[in-house]
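Below you'll find the structure, written out as structure tokens, and then a few comments.
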Amino acid sequence: MDKWDRRFMEMAGVIASWASCYKQNRKIGCVIVKNKRIMTTGYNGAPAGVKTCVERGECLREKLGIPSGTQHEICYATHAEQNAIIQAAKLGVSIDGATLYCTHQPCTICTKMIINAGIKKIIYKEGYPDEFALKIMDEAGIEIQKYEEDR
């Protein structure tokens, strides 16, 4: 990895700290970059005007016993990747041809949005139990790379 990958992945980590997910290990951050410029960012959290899990004092998914990587729709939060793509649309920022840096591998739903947004490359740090997302990325020709810190 080069110094730019390191910088953008560090930024994704900082943005993850803003997440309103109740579970510490589920705080996700995302940075969408074009030509070494940050276009948009996103973190996982409840939509505007909806109470977060932190405010509720519990994780709905944990309460219902929903395993990670399944039933993404049963959660108050919008995923970090989704929020970054939505921010680009809301602000009129083109992310076609961009690279997405994320603290975690995108799920299937986020992967479909990433493909349709025209993002060409994904660099992620932590895995996610969603093999179908990887299959779709491969079929769509999305370059995916696991971030490995320089030793």
How about [X] and [Y]: do any of their side-chain heavy atoms sit closer than 4.5 Å?
X: E126; Y: Y147; value: no
X: E10; Y: R6; value: yes
X: I32; Y: I38; value: no
X: T41; Y: Q87; value: yes
X: N44; Y: N83; value: no
X: Q145; Y: K121; value: yes
X: C110; Y: H72; value: no
X: I123; Y: F8; value: no

Practice prompt. Just do the side-chain contact (heavy atoms from CB on, under 4.5 Å) check on I85 and I114 with the steps written out, would you?
Written response: CA-CA 8 Å; I85 292 167; I114 288 164; 4.0 Å; yes
About how many Å separate [atom2] of [Y] and [atom1] of [X], when rounded to the nearest 0.5 Å?
X: H79; Y: I86; atom1: NE2; atom2: CD1; value: 11.0 Å
X: I142; Y: K120; atom1: CD1; atom2: NZ; value: 6.0 Å
X: K51; Y: R56; atom1: NZ; atom2: CZ; value: 6.5 Å
X: C107; Y: K112; atom1: SG; atom2: NZ; value: 9.5 Å

Which atoms form the tightest heavy-atom contact between [X] and [Y], and what is the distance?
X: A16; Y: G29; answer: CB-N, 3.3 Å
X: T108; Y: A133; answer: OG1-N, 3.4 Å
X: R61; Y: T70; answer: NH2-O, 2.7 Å

Cluster check [X], [Y]: I/L/V/M/F/W/Y, side chain < 4.5 angstrom:
X: M39; Y: Y124; answer: yes
X: V33; Y: L91; answer: no
X: I122; Y: I136; answer: yes
X: V50; Y: L60; answer: yes
X: I119; Y: L134; answer: yes

Neighbour count >12 (heavy atoms, 6.0 Å) for atom [atom1], [X]:
X: E131; atom1: CD; value: no
X: N35; atom1: CG; value: no
X: K146; atom1: NZ; value: yes
X: K34; atom1: NZ; value: yes
X: M113; atom1: CE; value: yes

Residues K125, E148; criterion salt bridge (Lys or Arg N to Asp or Glu O under 4.0 Å); working and verdict: CA-CA 7 Å; K125 192 170 186 178; E148 300 291 342; over 6 Å; no
Task: CA sep, side-chain torsions, deciding dist, call: R26, H104, side-chain contact (heavy atoms from CB on, under 4.5 Å) - done: CA-CA 9 Å; R26 284 286 130 215; H104 292 68; 3.8 Å; yes
Output yes when a side-chain donor or acceptor of [X] lies under 3.5 Å from a complementary backbone atom of [Y], and no otherwise.
X: E62; Y: C59; result: no
X: K27; Y: W18; result: no
X: T40; Y: A84; result: yes
X: D130; Y: G69; result: no
X: T103; Y: A12; result: no

Margin query: Show, in sequence, the C-alpha distance, side-chain angles and deciding distance for C102 and I28, and conclude whether the side-chain contact (heavy atoms from CB on, under 4.5 Å) test is met.
Written below: CA-CA 7 Å; C102 198; I28 316 296; 3.7 Å; yes
Practice prompt. Please step through side-chain contact (heavy atoms from CB on, under 4.5 Å) for the pair S68 and Y128, ending with a clear verdict.
Written response: CA-CA 8 Å; S68 183; Y128 188 68; 3.8 Å; yes
